[in-house]
There are 2 protein chains.
Amino acid sequence: MTTDKIDQPFNREIQYAAKRRAVIRSAAGAFRRRGYHNTSMVLIAKSLGLSKAALYYYVKSKEEILYECHIIMYDAMDGAVHSVRGKGDNGLEKLKLLYGSFAKLMTRDGLALLADVDSLKGEYQTTVLARRGKIERAVNRIVEHGMKDGSIKKADPRITVFFFMGALNWLNVWYEPGGRISGEKITQAFVEQMSTGISS
Amino acid sequence: MTTDKIDQPFNREIQYAAKRRAVIRSAAGAFRRRGYHNTSMVLIAKSLGLSKAALYYYVKSKEEILYECHIIMYDAMDGAVHSVRGKGDNGLEKLKLLYGSFAKLMTRDGLALLADVDSLKGEYQTTVLARRGKIERAVNRIVEHGMKDGSIKKADPRITVFFFMGALNWLNVWYEPGGRISGEKITQAFVEQMSTGISS
DNA sequence: GTATAATTTGACTTTATGGTCGAATAAATT
DNA sequence: AATTTATTCGACCATAAAGTCAAATTATAC
């Protein structure tokens, strides 16, 4: 059928993209659990039932995988920032929404990974640091806004933000998806503890 | 003089120990800044004006250095736990004292390093995880105590602790000794934010 | 069923770096 | 000054893991 002729090359791309995503997702999980440097390409390959060489059909290098992990995460975080636009009656309420989204991202499947930036070089690192800065500034802005509207206690916004963003990032180290503590409980508790820690 | 005969061999040991400490301190700083795997032994050696081989006169392996970094830190933290015994009118007050000590440890010179546990193997990792567990339990106990005496809001103590301990551990990633924000300011702000986040 | 393009592989090269060793140097001891 | 002991080094080895490539396999198209 003619649809095949049109669909088939399209499917190819889709399947390639899907497999590529699978590679990165699988690697991301391994990186989170064992750390970037303790995860070899052979291991990533094997856990997908592939040979190492096949991996390089989908990615340029190990570094690229790490880079994409970060980008995926920052894309998701940017999305969270965007979806919070116009919501929340004041700075604190907006921040609670955003922080909750962040926590959900970090706990939903093993996607989360914001570590090992030092292992990225050149352009890769520059881009990732830029993305990180962008998120940081967005959060800072909300916090500063909250300090002005009186919903957040006045303090050095940088330290304030580092505190609860640090708690979030550290999740990667100890949180086990599907472990004893559910992602929802963590999200709820973190939002609660964060907000009471800074509300005025 | 006779004192020399007695002092000299003693000095030797002291100097050896001092140099060994210098090696570990220097390495710890590099590890914290660039990450364990991005710091080569040659680099550590060069930054001390030594050759790589000379390093191995003081340490058994790179892994041993990382191990000692952790132990030094946990010794200091144990000390902090110990020095808080009997102090503080209630759980929250005691926790504030302890948390402040921890924050001081993390910000005072580049000593802090509690990451890369995955790069330790066998006995090394077992011991470090045991030490970490010990600290965690001590903190948990204080928090639970505070929840009972009414000074700390009732919640899942594990998550409560992970939150503010995570914030602390993440310091390593972004804090620059001698940078724009002083250790004292951070310590003060962290204790404040931690305690208001959990006080009832 | 043959040709073409997409995947996958085994076997290889390369590289970074941890670690070793015997010899050289410096310091203390007699 | 000679001897022993502590310290340091240059040059080397070992190895793990990243990355490459020509060839084989599998899927798709005609």
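Just so it is clear: chains get the letters A, B, ... in the order the sequence lines come, proteins before strands, and each one is counted from 1.
In this structure, B:E13 atom CD and D:dT7 atom C1' are separated by 16 Å, rounded to whole Å. Atoms NE2 (A:H37) and P (D:dA18) sit 10 Å apart, rounded to a whole Å. Atom C1' of nucleotide D:dT8 and atom NZ of B:K46 are separated by 16 Å, given to the nearest angstrom. Rounded to whole Å, the distance from CG on A:L50 to P on D:dA24 is 21 Å. The nearest whole Å value for the distance from the CG atom in B:N38 to the P atom in C:dA16 is 14 Å. Summarising the geometry, the separation between CD1 on A:I65 and P on D:dA17 is reported as 15 Å, rounded to the nearest angstrom. The distance between atom OH of B:Y16 and atom P of C:dA27, rounded to the nearest whole Å, is 18 Å. B:L48 places its CG atom 10 Å from the P atom of D:dT8, with the value rounded to the nearest Å.
Phosphate contact (OP1/OP2 of D:dT8, side-chain N/O of B:Y57, threshold under 4.0 Å): absent. Within the 4.0 Å cut-off from OP1 or OP2 of D:dT8, at least one side-chain nitrogen or oxygen of B:Y58 is found.
Residues satisfying the side chain to side chain donor-acceptor pair (under 3.5 Å) criterion with A:E68, sequence neighbours excluded, are A:R20. For A:D78, the side chain to side chain donor-acceptor pair (under 3.5 Å) partners two or more places apart in sequence, or in a different chain, are A:R131, A:K134.
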* To do: Report the C-alpha separation of A:Y57 and A:Y16 in whole Å, then their side-chain angles, then the decisive distance to 0.1 Å, and conclude whether the ring-ring contact (aromatic ring centres under 6.0 Å, His included) test is met.
  => CA-CA 10 Å; A:Y57 182 64; A:Y16 178 90; 5.7 Å; yes
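Distance alone, capped at 3.5 Å, places no donor-acceptor pair between the A:Q125 side chain and the A:S119 backbone. A donor-acceptor contact shorter than 3.5 Å is absent between the side chain of A:E144 and the backbone of A:P157. Side chain of A:S26 to main chain of A:V23: no donor-acceptor pair is present (N/O by atom type, distance under 3.5 Å, no hydrogens or angles). Although no hydrogens or angles enter the test, the distance criterion places a donor-acceptor pair under 3.5 Å between the side chain of B:K62 and the main chain of B:Y36.
Here the side chains of B:L171 and A:F162 are not in contact, with every heavy-atom distance at 4.5 Å or above.
Among pairs with a residue in residues 181-199 of chain A, those fulfilling side-chain hydrogen bond (donor to acceptor under 3.5 Å, both in side chains) read A:E192-B:K153, at least two apart in sequence or across chains.
The environment of NE2 in B:H145 is sparse: at most 12 heavy-atom neighbours from other residues, nucleotides or ligands sit within 6.0 Å.
Side-chain atoms of A:S40 lie closest to D:dA18 of the nucleotides C:dT8, D:dT8, D:dA18.
Annotation: the terminal axes of the helix from C:dG1-D:dC30 to C:dT30-D:dA1 meet at 10°, where each axis is the rotation carrying the C1' atoms of four end pairs onto the next four (5 pairs per end, rounded to 10°).
Nearest heavy-atom pair, B:L114 versus B:N172, reported as atom, atom and distance to 0.1 Å: N-ND2, 3.8 Å.
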Scan nucleotides 19-22 of chain D against the protein and return all N/O pairs shorter than 3.5 Å with their distances rounded to 0.1 Å.
from, atom 1, to, atom 2, distance (Å)
D:dG19, OP2, A:Y56, OH, 3.0
D:dG19, OP2, A:K62, N, 2.9
D:dG19, N7, A:K52, NZ, 2.8
D:dG19, O6, A:K52, NZ, 2.8

Any protein N or O atoms within reach of nucleotides 22-24 of chain C? Criterion: under 3.5 Å, listing atom names and distances.
none

